[in-house]
Amino acid sequence: MKRKYLSMAVGCALLAPAAFVQAQEQQPPAGPQATQLDEVTVTARRRTESIQDVPVAVSAFGEEQIKDLQASTVEGLQGAVPNMNIAQGRGSANSVNVFIRGVGQPDALQTFDPGVGMYVDDVYYSRINGALFSLFDIQQLEVLRGPQGTLYGKNSTGGAIKLTTKNPFDNEGGAVEVTAGDYGRLEGRFYVSGKLSDTVAASVAGAKITNDGYVRDAATGKRYNDDDTQALRVKLAFNPTDSFSATLSLDTTKQDAALTLGRPMADLRQTSLAPAGVIVLKPGETGEWDRRALTSFKNGEGQYLKHSGASLAMDWDINAQWTLKSISSYRKLKTKSYIDIDASEYELGDVLVALDQNQKSQEFQLHYDNGSNLHATFGAYYMKENVPSYQEAYADDLFSFLGAKVPFLRTINDDLTTTSTAAFAHLNWEFVPSWTVAAGVRWTKDKKDYARSTSTFWGAPFTALNETVAFAANASWTAVTPSISLQKAFSDNLMGYVSANRGFKSGGFNGRANTRYDTQHAKFDPEYVWTYELGLKGSSADHRFRGSAAAFYSNYSDFQARVSQDVGTFPVLNAAKLNIKGIELEGSALLGEATTLSAQIGWMDAKYDKFEDFRLDPSYPGFDPNVNHDNVPFSPDWTARVALQHVFALGDNGNLTFGGDVSYRGKTWLSVDNRAVLSQDAYTLLGVYGVWDSPQMAWQVRAGVRNLTDREYKTEGQEFASVGNIQTAYYGLPRNWYMSLRYNF
């Protein structure tokens, strides 16, 4: 079966005999009179360019393509981009975990930085909390693969995901859409935009997204893994002169969801202090999951988020060659999330994580374009982020003494302040006809101040063990991240390039430093990645076929690995050096006048050159033979997708479109420690949809089914084996259907 789907994807990706392109076509569904695929433009290099001219591996999706992916949040990109793994964060309704080409964020805690940058209208979102964006007013979404250390900066070592929202001047009118489906799904979205005068335009977009959840409490019938989100964005655009424009954007998102529950995959254990020993409280679950769960939280605890911000983007055309751009932003994120880490009726690893983050940033870009063969970008960036948090850990079932439970509570107050400054320059020069060199460099300085206080409370007879451990520390790191590429235009429709890019992921302090020993070893250093890439992009002469190919090799050093050592001890090690190599193919074809075929395929081989882990020494008292580092987490060897769409013309009755896709993902490991129960074997997902558009495109009816075969598959894992042997898996959506009605005006 595996070979069957891979051969299908390869065959479709090679449909364009001249070349390949790294994009999904940015045009409405192909109609009966379509003769070619529309041009795709991207902003991967901080300016608008044809995707054919960019020496970067980038996938781009417009509004219609996002709908055809049947994506409600950015998690819906899973399967649509080669060598990318994107999933809802472990145990969280409001975070997203992203790995691109084997690089991401292995620990979800807010003191760890992401490995893939998330940007909305060029504003960087520094935490994975609040980054599970609902896609309700998106003009275009771009996924840049490989380090983006020069033009985007730190924490984009794996790549970057860029969301661009609609411009009020370019999208006059609006739309209202209502969606209903199973599991109590009910969604409403709207967008209204128009000119207030010749120089001022405004837009308002909003969404209300709800579902009852697909996990049910086995005892009470209460549903979990649900959603209740409200989002609003207001934009005010000014264009008073031909040389100046500005856009003010205000947005807010609120979410109030129940718990996000997983499934305990390993035996949950209690430590008996006297007599000494281990008691199995609950055997690990095996076989098919009935999506039933139990939790120790009984008082309606859930997960709350409020995420708001404001940004102001201004552009000045100083003269015919020079343009100055300013991007100012302020964001505030507040969450209060209860997480049942052990996913059982026992209190082994239940936590409350509450944070109150704010960030302010300012970026200046100065662009030079001589109108011919030279473009230069100079920039400066500043961000200050403050992330105070409060946590509680409940573990009344973790210890026993003489057959009686020993109550246990840990409270944590910490505060992290990060100040980041950077300066960068990038030059693109066609030095002779058809040959272009691009080179750039960025200097970054990160300074972090961290304060932490951990209080541990034991019940009788161990109250003498109660203690408070506090520490404060600061550190700073600087990094230089260059990039260089050389590209050759072989013809008007075929381009090849070679490139080298360096990425930098900031160092930090261990947000799980709970013991005195941990506080003395809390600091960890940055990660670095060098990626070397060879690519080819092009199209057929009649623009009915497009495609891309990229081969890459990454040298990844000082991998930040959070591991489980002893009870309640989780050191962070700059443990590993990796080499990662891979191949990526994407292609699209317009067959006839009404059929579009597209495919993506990625192959990746991610290996550790070394992994320095003291726990693997057989003489170490905590030696665990179940731990190994044979596989890099969230890095399947194969990812592939094939999508087909056909439009039937109904004359005066509009158009009827049918489409579907099949995606394949190889075996995926969900924890750094390669716990066998936290892995997902290779699987295939199917999706289908149908769309009716009225003759003037005023009305649209869409219906679809995701995960048509009801495939059960894991997407994430919690690994805290040193605490009650916790190894919890989280699962993707079961088969689900929906129907939506949209009115455009």
Side-chain angles (χ1 to χ4, degrees), residues 26-28 38-43 45-50 60 62-64 66 119-123 135-142 162-177 189-207 231-252 308-331 361-371 375 377 379 693-700 742-745:
Q26 305 298 296
Q27 80 282 342
D38 287 350
E39 183 182 3
V40 181
T41 59
V42 295
T43 58
R45 296 196 291 182
R46 297 300 187 109
R47 57 193 174 99
T48 301
E49 302 175 273
S50 168
E63 183 180 20
E64 289 299 322
I66 292 172
Y119 298 82
V120 178
D121 292 333
D122 281 332
V123 174
L135 305 176
F136 65 97
D137 66 337
I138 302 301
Q139 180 71 34
Q140 181 159 296
L141 192 159
E142 300 173 28
K162 295 187 59 179
L163 287 79
T164 302
T165 62
K166 294 180 177 179
N167 183 311
F169 275 110
D170 298 335
N171 294 275
E172 288 190 84
V176 178
E177 183 176 273
R189 293 176 171 84
F190 73 89
Y191 178 82
V192 180
S193 177
K195 291 184 179 179
L196 305 181
S197 69
D198 290 340
T199 59
V200 180
S203 66
V204 181
L232 183 70
R233 190 185 330 269
V234 178
K235 299 182 78 170
L236 193 61
F238 305 88
N239 194 6
T241 69
D242 291 339
S243 62
F244 176 78
S245 63
T247 302
L248 174 66
S249 179
L250 306 172
D251 69 274
T252 185
S308 303
S311 67
L312 176 64
M314 296 182 286
D315 289 80
W316 292 270
D317 291 331
I318 300 171
N319 55 38
Q321 290 81 38
W322 291 94
T323 300
L324 177 64
K325 184 172 185 177
S326 169
I327 306 169
S328 309
S329 172
Y330 176 80
R331 301 211 60 80
S361 63
Q362 175 63 53
E363 182 169 5
F364 292 107
Q365 300 172 17
L366 183 62
H367 296 267
Y368 172 79
D369 190 341
N370 70 353
H375 185 280
T377 300
D693 289 293
S694 66
Q696 303 303 317
M697 307 296 288
W699 291 94
Q700 182 183 85
R742 178 185 178 100
Y743 176 66
N744 300 306
F745 55 89

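Sequence positions, counted from 1, serve as the residue numbers for this chain.
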Would you kindly say whether His367 and Arg47 are connected by a side-chain donor-acceptor distance under 3.5 Å? no
Side-chain donor or acceptor of Glu142 paired with backbone N/O of Thr43 under 3.5 Å: yes
Is any side-chain heavy atom of Asp315 closer than 4.5 Å to a side-chain heavy atom of Leu324? no
Are Gln365 and Thr377 linked by a side-chain donor-acceptor pair shorter than 3.5 Å? no
Return the minimal non-hydrogen interatomic distance between Asn370 and Gln321, and the atom names on each side. CA-CG, 4.3 Å
Minimal heavy-atom distance between Ser326 and Gln362, with the atoms involved, is OG-NE2, 2.9 Å
Under 3.5 Å: donor-acceptor pair, side chain of Gln140, backbone of Thr41: yes
Hey, what do you get for CD1 (Ile327) to CG (Asp122), rounding to the nearest 0.5 Å? 4.5 Å
Side-chain donor or acceptor of Asn171 paired with backbone N/O of Ser193 under 3.5 Å: no
Heavy-atom closest pair, residues Asp137 and Tyr191: CB-CD1, 4.2 Å
Give a yes or no on whether a salt bridge exists between Arg742 and Asp693, defined as a side-chain N under 4.0 angstrom from a carboxylate O. no
Measure the CZ-CD distance between Arg46 and Glu363 for me, rounded to the nearest 0.5 Å. 4.5 Å
Taking Lys235 first and then Asp121, would you say they form a salt bridge - that is, a charged N and a carboxylate O separated by under 4.0 Å? yes
Please check if the number of heavy atoms outside Asp242 that lie under 6.0 Å from its CG is greater than 12. no
One thing to verify: whether Glu63 and Arg189 come together as a salt bridge, which I'm taking to mean a side-chain N less than 4.0 angstrom from a carboxylate O. no
Apply side chain to side chain contact (heavy atoms under 4.5 Å, CB included) to the pair Asp170 and Gln139, showing each step before the final yes or no. CA-CA 10 Å; Asp170 298 335; Gln139 180 71 34; 6.0 Å; no
Under a 3.5 Å cutoff, is there a donor and acceptor pairing between the side chains of Ser329 and Ser311? no
With rounding to the nearest 0.5 Å, note down the distance linking OG1 in Thr199 to CZ in Phe169. 6.5 Å
For Thr252, is there any backbone N or O sitting under 3.5 Å from a side-chain donor or acceptor partner on Ser308? no
Nearest 0.5 angstrom please: Leu248 CG to Leu312 CG, how far? 6.0 Å
Before giving the answer on side chain to side chain contact (heavy atoms under 4.5 Å, CB included), spell out for Val120 and Arg233 the whole-Å C-alpha distance, their side-chain angles and the decisive distance to 0.1 Å. CA-CA 12 Å; Val120 178; Arg233 190 185 330 269; 4.2 Å; yes
Quiz question: by atom type and distance under 3.5 Å, do the side chains of Asp317 and Thr323 form a donor-acceptor pair? yes
Could you tell me whether the side chains of Ser203 and Lys166 share a donor-acceptor contact shorter than 3.5 Å? no
Rounded to the nearest 0.5 Å, what separation is found between the CD1 atom of Ile138 and the OG1 atom of Thr165? 6.5 Å
Straight-line distance of Asn239 CG to Asp198 CG, nearest 0.5 Å: 10.0 Å
So which atom in Phe238 and which in Pro240 form the shortest heavy-atom distance, rounded to 0.1 Å? C-CD, 3.6 Å
Contact check, side chains of Phe136 and Glu177, non-hydrogen atoms, under 4.5 Å: no
